[in-house]
Every structure is written in structure tokens, then in C-alpha cells.
Amino acid sequence: MKTKVLSLLVDNTYGVLSRVSGMFSRRGYNIDSLTVGVTENPKYSRMTVAVSGDDRILTQIKNQLMKLEDVVEVVELKDGESVCRELVLIKVQCDMKQRQEIISMANVFRANIVDVSVDSLMIEITGNLNKVEAFINLLSGFDIKELVRTGLTGLARG
């Protein structure tokens with residue numbers, strides 16, 4: 001099974017997210033990650049959609065998206081030809097001894113400590129999937145109280 005990251009330029013209109021996500025649900029396709037935001041031109045929004053499947057399914061998804069009237073453009077964001085990032089907030093329970101160890105790990109990954117309480121730290125990390133996953137795996141020895149991910153977002157280079 002392969003994963004593709006698609007960048008969709010869509011009309012910034014009421015219901016466009018529902019119509020795009022509806023196409024996936026009607027055909028039984030799963031969305032691994034979805035982010036949406038307005039572009040530099042308020043007439044359009046950009047959706048970044050990560051999807052998985054075999055070659056036939058991934059080609060079908062791309063073709064079906066192009067048929068939607070709200071979709072202006074579909075671009076596949078390929079490795080090396082694009083920049084993709086994700087933001088993750090992680091709340092980790094820790095005592096005073098663990099706090100310094102976690103802060104040191106966060107510094108190595110260029111993550112930011114965004115909140116400190118008596119018994120926890122909140123860490124913000126931004127990066128590609130490999131970096132984010134490596135950091136989360138490194139924290140697996142600690143008690144992760146909460147974790148939230150924005151989902152992938154990206155643009156083609158150049």
C-alpha cells in the first residue's frame with residue numbers, strides 16, 4: 001500500500017469541504033490526513049490530503065477529485081519535489097528529574113516547550129513525518145497525557 005499527498009486548490013465556498021470529503025466516503029476511501037486553509041487569494045482554499053491505497057485506487061482518487069466542480073487543481077506532492085510539514089502538541093506528565101531530560105530531548109529535535117505546569121510539560125514540534133514520529137517514539141518511555149496533530153500540509157517546491 002502506498003501513500004500519496006495531494007494538494008488541492010479549491011473554491012473558497014460554503015460546503016466545499018463537505019463535497020470533497022463526501023467523495024471519499026461515497027467511494028469507501030479513507031483519508032489519512034486532511035488540512036484546509038484559505039490561500040493568499042481569498043477566493044481559494046488549499047486542501048492537503050494524505051491518502052493510502054494501491055496504484056489503481058490512488059489514480060481513481062485523483063481522477064474523481066478532478067471531476068468535482070469546486071476543485072480547481074490537484075497536484076501530487078512528491079518526496080524531494082515538495083515540502084510537507086505537520087505540527088504536533090504533546091502533553092507529557094513528568095516530575096522535576098524527568099523534566100530536564102524531556103527538555104533536552106526537545107532541544108535536540110528543535111521542539112519548543114510551550115507550557116509548563118507542576119506535573120507536566122507541553123511540547124510543540126513541527127517537521128516532516130519522520131522527524132515527528134521519531135520524537136513521539138522517543139517519548140514513549142514517558143507518560144503522554146494528550147497528543148494532537150494538525151495533519152500534513154505542504155506545497156510543491158519552486
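Computed from a prediction, not measured in an experiment: that's the story for all the values here.
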Between [X] and [Y] (side chain of the first, backbone of the second, donor and acceptor by atom type, cut-off under 3.5 Å), is there such a pair?
X    : Y    : value
S33  : L152 : yes
E133 : N130 : no
R110 : G127 : no
K43  : N12  : no
S120 : S117 : no
D95  : K97  : yes

For the [atom1] atom of [X] and the [atom2] atom of [Y], what is their distance to the nearest 0.5 Å?
X    : Y    : atom1 : atom2 : result
K62  : Q60  : NZ    : CD    : 13.0 Å
N128 : C84  : CG    : SG    : 9.0 Å
I136 : F109 : CD1   : CZ    : 10.5 Å

Joint hydrophobic cluster, [X] plus [Y], side-chain heavy atoms closer than 4.5 Å:
X    : Y    : value
L138 : I144 : yes
L65  : L34  : yes
Y29  : V49  : yes
L58  : V75  : no
V108 : I125 : yes

| request: Verify side chain to side chain contact (heavy atoms under 4.5 Å, CB included) between V114 and I123, making sure each step is shown before the conclusion. | output: CA-CA 6 Å; V114 294; I123 305 160; over 6 Å; no
| NZ/NE/NH1/NH2 to OD/OE distance under 4.0 Å, K2 and D54 |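 Between D54 and K2 there is no salt bridge, as every charged N stays at least 4.0 Å from the carboxylate O atoms.
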Heavy-atom check, side chain of [X] versus side chain of [Y], under 4.5 Å:
X    : Y    : value
L6   : I61  : yes
V83  : L155 : no
F135 : V88  : no
I113 : I103 : yes
F142 : E101 : yes
D143 : V92  : no

Are there over 12 heavy-atom neighbours, none belonging to [X], within less than 6.0 Å of that residue's [atom1]?
X    : atom1 : result
N137 : CG    : yes
K145 : NZ    : yes
R56  : CZ    : no

Nearest non-hydrogen partners of [X] and [Y], listed with the distance:
X   : Y    : result
E73 : M66  : C-SD, 4.3 Å
D32 : V51  : OD2-C, 3.5 Å
L77 : A156 : CD2-N, 3.5 Å
R99 : V118 : NH2-O, 3.2 Å
M23 : R26  : CA-NH2, 3.3 Å
M47 : L17  : CE-CA, 3.6 Å

| Residue of the set V10, V71, D11, T13 for which side chain to side chain contact (heavy atoms under 4.5 Å, CB included) holds with R19 |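 Only one option passes, and that is T13.
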| Going through the checks in order, is the side chain to side chain contact (heavy atoms under 4.5 Å, CB included) test met by L147 and L89? | CA-CA 6 Å; L147 184 144; L89 294 175; over 6 Å; no
| message | Between D115 and L121, is the side chain to side chain contact (heavy atoms under 4.5 Å, CB included) condition met? List the steps. | response | CA-CA 6 Å; D115 186 59; L121 288 173; over 6 Å; no
| message | What verdict does the side chain to side chain contact (heavy atoms under 4.5 Å, CB included) test give for R46 and L9, after you've listed the backbone C-alpha separation in whole Å, the side-chain angles of each residue and the deciding distance to 0.1 Å? | response | CA-CA 5 Å; R46 173 125 1 238; L9 187 65; 3.7 Å; yes
| Should K4 and E76 be marked as a salt bridge (charged side-chain N to carboxylate O under 4.0 Å, His left out) after you check the CA-CA gap, both sets of side-chain angles, and the distance that decides it? | CA-CA 7 Å; K4 277 191 183 182; E76 182 181 345; 3.4 Å; yes
| field | Selection residues 82-92 - residue pairs positive for salt bridge (Lys or Arg N to Asp or Glu O under 4.0 Å), sequence neighbours left out | value |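 Of all non-adjacent pairs touching residues 82-92, those that pass salt bridge (Lys or Arg N to Asp or Glu O under 4.0 Å) are E86-R149, K91-E146.
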| task | Consider only side-chain N and O atoms of S7 and T48, and report whether a donor and an acceptor are under 3.5 Å apart. | result |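 No donor-acceptor contact under 3.5 Å links the two side chains.
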